[in-house]
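All remarks here apply to the structure that follows.
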Amino acid sequence: MILEAKEIFKRYSGVNKELTVLDNISFHVKKGEILSIVGPSGSGKTTLLGLCAGLDNPSSGVLNLAGEPISQMTENEKAELRNRKVGFIFQNFQLLPTLTALENVMIPLELQGRAEGAKDKAMALLERVGLGGRHHHYPSQLSGGEQQRVSLARAFSNDPEILFADEPTGNLDEETGLIVENLLFELNKEKQTTLVIVTHDLELANKTDRIIKLKGGKIISDQILHSSSQA
Ligand SMILES: Nc1ncnc2c1ncn2[C@@H]1O[C@H](COP(=O)(O)OP(=O)(O)OP(=O)(O)O)[C@@H](O)[C@H]1O
Ligand SMILES: [Mg+2]
């Protein structure tokens, strides 16, 4: 199991009452699996993804990522684990505006202390997403779809064991969406990268191995479409 969530709750204190955004979530993800998480706006998808990736802490419950108990780790330990094993594609890209496309893709490699060869590797990834000629451009000089593809290249640059993608095709036209989708699936095949994809796109969800549906912070269904082989 690359990811285990046990009885996860996430609560926010509101003005009058507490808001329970995630309400007793438990699930396991196998190595190499492609899982999609679907559900209406506000159902807790982004919150759940952030917790699983160690970007945020649950109010209660246990999370194990790549065999390590992230719900018990310090911020530094979690950051170190993320640098080594986790890729993340944010709903709003989160590229650093003062860095070029190439420099953005190099960040995870530099954080890993792999500065040597980082430039070549980042260039190869940018070429892979069709942006080789745009490596010197800043995010503000790129379209939304191009920024999304830079964020995909960045997410893969540290060869993550598990990649979390929040609406990776949400802001893209159909054609560019398919390019991003195919890249995700190809990289999963080549490197056995586990993928956890939040999406509103049911066509995309239907191509994954398994669909978890969230509603009101609860899992309302967990459906296996294709069985992935590994444990
Ligand atoms: N910091 C916060 N304080 C209070 N409430 C929050 C906070 N962050 C998120 N929420 C609430 O948690 C709920 C779930 O938010 P989340 O972003 O996980 O939804 P989502 O399923 O990703 O929605 P969308 O499809 O619109 O992206 C929402 O009702 C949101 O308002
Ligand atoms: Mg969201």
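The structure presented is a predicted model; accordingly, all values stated were derived computationally and were not measured. Whatever order the structure lists ligands and atoms in, that order sets their numbers, starting from 1. Values below: every heavy atom of this structure, side chains too, minus hydrogens, waters and symmetry copies.
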Students should be able to answer this: which protein heavy-atom is nearest to [atom], and at what distance?
| atom | answer |
| --- | --- |
| atom 18 (O) of ligand 1 | Thr47 OG1, 2.5 Å |
| atom 25 (O) of ligand 1 | Lys45 NZ, 2.7 Å |
| atom 17 (O) of ligand 1 | Thr46 CB, 3.6 Å |
| atom 9 (C) of ligand 1 | Tyr12 CE1, 3.8 Å |
| atom 27 (O) of ligand 1 | Gln91 NE2, 3.0 Å |
| atom 26 (O) of ligand 1 | Ser41 OG, 2.5 Å |

Any protein heavy atom sitting closer than 4.0 Å to atom 4 (C) of ligand 1? yes

Is atom 1 (N) of ligand 1 close to the protein, meaning a heavy atom under 4.0 Å from it? yes

Proximity of Val21 to ligand 1 by residue part, where a heavy atom lies under 4.0 Å: side chain

With no hydrogens and no angle check, is any side-chain donor or acceptor of [X] less than 3.5 Å from a backbone partner on [Y]?
| X | Y | answer |
| --- | --- | --- |
| His226 | Thr208 | yes |
| Glu33 | Asp209 | no |
| Gln147 | Leu142 | yes |
| Arg149 | Val180 | no |

Between Lys191 and Asp159, is there a salt bridge with N-O shorter than 4.0 Å? yes

Quick one: do Asp222 and Lys213 make a salt bridge, cutoff under 4.0 Å? no

Gap between atom CD of Glu110 and atom CD of Glu103 - 0.5 Å precision: 8.0 Å

Go through the side-chain N and O atoms of [X] and [Y] and say whether any donor and acceptor fall under 3.5 Å apart.
| X | Y | result |
| --- | --- | --- |
| Asn57 | Lys78 | yes |
| Asn188 | Thr193 | no |
| Thr20 | Asp23 | no |
| Glu7 | Ser60 | no |

Please could you name the atoms of ligand 1 that Pro40 approaches to less than 4.0 Å, counting only its heavy atoms? 21 (O)

Hey, is Glu167 one of the residues with a heavy atom under 4.0 angstrom from ligand 1? no

Ligand 1 contacted by His200 (non-hydrogen, < 4.0 Å): yes

So between Gly217, Gly50, Gly14, Gly42, whose heavy atom ends up nearest atom 20 (P) of ligand 1? Gly42

So what does the Gln91 OE1 - the Mg ion (ligand 2) - Thr46 OG1 angle come to, to 10°? 80°

Counting backbone and side-chain atoms alike, does Ser41 have an N/O/S atom under 2.8 Å from the Mg ion (ligand 2)? no

Please confirm if an N, O or S atom belonging to Thr47, backbone or side chain, lies less than 2.8 Å from the Mg ion (ligand 2). no

Please confirm whether Gly44 comes within less than 3.5 Å of ligand 1 when only nitrogen or oxygen atoms on both sides are compared. yes

